[in-house]
Protein chains: 4
Amino acid sequence: MSGTLNKVMLIGHLGDEVKIHYFEGGNCIARFPLATNETYTNRQTGEKVTNTEWHNIVVRNKAAEICEKYLSKGDKVYVEGRLKNRQWQGEDGNMRYTTEVHVQDFTFLTTKNESLQNTQMQGTAPQNEPSRPSAPEVPIDDTEEDDDLPF
Amino acid sequence: MSGTLNKVMLIGHLGDEVKIHYFEGGNCIARFPLATNETYTNRQTGEKVTNTEWHNIVVRNKAAEICEKYLSKGDKVYVEGRLKNRQWQGEDGNMRYTTEVHVQDFTFLTTKNESLQNTQMQGTAPQNEPSRPSAPEVPIDDTEEDDDLPF
Amino acid sequence: MSGTLNKVMLIGHLGDEVKIHYFEGGNCIARFPLATNETYTNRQTGEKVTNTEWHNIVVRNKAAEICEKYLSKGDKVYVEGRLKNRQWQGEDGNMRYTTEVHVQDFTFLTTKNESLQNTQMQGTAPQNEPSRPSAPEVPIDDTEEDDDLPF
Amino acid sequence: MSGTLNKVMLIGHLGDEVKIHYFEGGNCIARFPLATNETYTNRQTGEKVTNTEWHNIVVRNKAAEICEKYLSKGDKVYVEGRLKNRQWQGEDGNMRYTTEVHVQDFTFLTTKNESLQNTQMQGTAPQNEPSRPSAPEVPIDDTEEDDDLPF
DNA sequence: TTTT
DNA sequence: TTTT
C-alpha cells in the first residue's frame with residue numbers, strides 16, 4: 001500500500017473496433033478508443049456546445065479477449081481502471097507521450113452483438129475482478145513481461 | 001457481468017478499534033465504524049453546520065487481518081467497496097436492517113502505529129486487490145461459507 | 001473542507017416508479033429503489049448465484065423533477081451521491097434506521113420513455129451539477145429546510 | 001445529459017508548487033503535478049517494483065486560489081475531476097498532446113501549512129462543489145473564455 | 001421491486 | 001473515431 005489512489009471511471013462509446021495483440025507467452029493486450037461527451041451552454045453566446053474526449057483504453061489477457069469478442073464500434077461500456085503514462089520514440093526521433101486507461105473492471109452497457117447474452121455473465125470477470133466473492137475459475141496470468149514493448 | 005455497478009468510496013476516521021472474528025475454516029471478518037463529515041452553512045441562519053455520517057465497514061480474510069493489525073481508533077483511511085444490506089432478527093423478535101460497506105480495496109492515510117512503515121506496502125493488498133499487476137504472494141481464500149452467519 | 005470523502009456510484013435498474021413529494025416552499029424530494037446485481041459461482045457447489053442489492057435513492061428539487069419526468073420502473077440509470085443515514089420513530093414506537101443515497105449527479109442509461117430525446121440534454125443537470133463548465137440557467141434552491149421532516 | 005461519465009479520482013502528493021495564472025477578466029487557472037504510486041512484486045524476479053505516475057492537475061478560479069494558498073510541494077491531496085486532452089503547437093512546430101485532470105472537487109489530506117485549519121472549511125468548496133447542501137456564498141464565474149489559450 |  |  002502506497003497511500004495513494006489512481007482511479008478512472010468512464011462510461012462511453014467505442015469509437016472503433018477492439019484491436020488485440022498476442023504475445024509469445026500467451027498474454028495479450030487489447031486496445032480501443034472510448035468517447036465521452038460533455039454538453040454545456042456557452043454563457044456568452046448562449047449556444048450549446050458538445051465536447052468529446054477520447055480515451056485510450058487498454059485491457060489485458062482474459063479481459064482483453066472478452067472485450068475483443070463482445071464489444072464493437074459504437075457499443076456503450078463502463079470501464080474502471082488506472083491512468084498510466086507511456087512514452088516511446090517516434091519515427092522522427094522525437095519522444096511521444098500518451099496517457100492510457102488500464103482497465104481493472106468493466107461492464108457492458110449495450111452490445112450490438114446480442115448473441116452473448118449468457119456468456120456475458122463471465123464477461124465481467126477481468127483480471128483479479130474485485131467484485132467477485134468467489135475465485136474465478138480460470139486463473140489469469142498478469143505477468144507484465146511485455147512492459148517494455150512499445151504498446 | 002450484470003451490467004450494474006455498486007461502488008462506495010470513503011475517506012474517513014475510525015470511530016473505534018477494529019473488531020475481528022475468526023471462523024472455523026480459518027476465514028475471518030473484521031468490522032469497524034468509519035466517520036465522514038460534511039460541513040456547510042445554513043442559508044437561513046448563517047450558522048455553520050457539521051454532519052457526521054457513520055459507516056459500517058466490513059473487511060474479510062487477509063485484508064481483515066491487515067486492518068486489525070495496523071488500524072486504530074482515530075486513524076484516517078480510504079476504503080472502496082460495495083454496499084450490502086443485511087438483516088437479522090433482534091432479541092426483541094423484530095427484524096433489524098443494516099447497510100454495510102464490504103471492502104474491496106483500501107489504503108492507509110494515517111496510522112498512529114508508525115511501525116508499519118515497511119509492512120504497509122502489502123497492507124494495501126486486500127482480497128483480489130485490483131491495482132496489482134502481479135499476483136499477490138499469498139492466495140486469499142474468499143469463500144463465503146459464512147454467508148448465512150449473522151454478521 | 002473536512003478532509004473526508006463520502007461517495008457512492010451506482011448503475012442499476014429502478015425497481016419502482018419515482019415518487020415525488022413537494023414541500024410548501026416549492027422544494028421537492030424524489031425517491032426510488034435501485035437494484036444492483038452481483039453474480040458469482042459458489043466455489044463449493046459450483047452453482048451460479050445472483051445477489052440483488054436494493055438502494056434507497058433520494059433526489060432533490062430540479063433533479064428530482066427530471067427523474068420523476070423521465071425515469072420509469074425498469075430503466076437503467078447511473079447515480080452518484082453520498083451515503084446518508086436517517087432514523088425515525090416507527091408506528092410501534094421503535095426507532096427505524098435507513099441508509100440512503102443522496103444524489104449529486106446522474107445520467108440516464110436507458111429510458112423507456114423515448115420522448116425525452118432532446119430534453120434529455122438538460123436531464124443531467126442536477127443540483128450544482130459538477131460536470132458543467134457553465135452555470136445552469138435555472139438556479140436551484142437547495143436549502144434543506146425540510147431536514148427534520150421524516151423523509 | 002449525454003449518457004456518458006468521465007471521472008478521475010486521485011490521492012497523491014504534489015511534485016511541485018502550485019502555479020497560478022490570472023486572466024484579464026479575473027478568472028484564473030492553477031496547475032500542479034500530482035504523483036501516485038503503485039507497488040508490486042515482479043513475479044519472475046521476486047523484486048519489489050514501484051511505479052510513479054505523474055498527473056497534470058488543473059484547477060480554476062476560486063478553487064485555484066485555495067489550492068495556491070494552502071497546498072505546497074509534498075502535500076497529500078484528494079482530487080476528483082475529468083480527463084481532458086489538450087493539444088498545442090510546440091516551439092519546433094510539432095503538435096504536443098497532454099492529458100489533464102480538470103478538478104471538480106478536492107480535499108486536503110495533509111498540509112505543511114497548518115495555518116489553514118479554520119480556513120480549510122471553505123477550502124473544499126470548488127466550482128459548483130457538489131457535496132454542499134447549501135449554496136456557496138461566492139458565485140464562481142466558470143466561463144471558459146480562456147479555452148483556446150495554450151494552458 | 002429491477003435487470004440479464 | 002463514438003453517441004444523443
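In what follows, every chain begins at residue 1, and chains take the letters A, B, ... in the order their sequences are listed.
L10(A) has its CG atom 13 Å from the C1' atom of dT2(F), to the nearest Å. Regarding K48(A), its NZ atom lies at a distance of 19 Å from the P atom of dT3(F), rounded to whole Å. Atom CG of L34(A) is separated from atom C1' of dT1(F) by 11 Å (rounded to the nearest Å). Atom CD1 in I57(A) sits roughly 12 Å away from atom C1' in dT2(F) (whole-Å rounding). Residue E17(C) contributes atom CD, which lies 11 Å from atom P of dT2(E) at whole-angstrom precision. Spacing between atom CG of L109(A) and atom P of dT3(E) amounts to 16 Å, rounded to whole angstrom units. Computed from coordinates, the L14(C) CG to dT3(E) C1' distance equals 11 Å when rounded to whole Å. Atom CG of D75(C) and atom P of dT4(E) are 11 Å apart (whole Å).
In this structure, the side chains of I29(C) and V58(C) come closer than 4.5 Å at one or more pairs of heavy atoms. Contact annotation: the side chain of V18(A) never approaches that of Y70(A) to less than 4.5 Å [non-hydrogen atoms, C-beta and beyond].
In this pair, W54(C) does not lay its aromatic ring on the base of dT2(E); centres under 5.5 Å and planes under 30 degrees do not both hold.
Of all nucleotides listed (dT3(E), dT1(F), dT1(E)), dT1(F) comes nearest to the side chain of D16(A). In this structure, of dT1(F), dT1(E), dT2(E), it is dT1(F) that holds the atom nearest to the side chain of P33(A). The side chain of K73(A) lies closest to dT2(F), out of dT1(E), dT3(E), dT2(F).
Partners of Q89(A) under the side chain to side chain contact (heavy atoms under 4.5 Å, CB included) rule, at least two apart in sequence or in another chain, are M95(A). The side chain to side chain contact (heavy atoms under 4.5 Å, CB included) test applied to E53(B) returns T36(B), H55(B), N6(C), K84(C), N85(C), not counting sequence neighbours.
Between the side chain of T52(C) and the base of dT2(E), a donor-acceptor pair under 3.5 Å is found.
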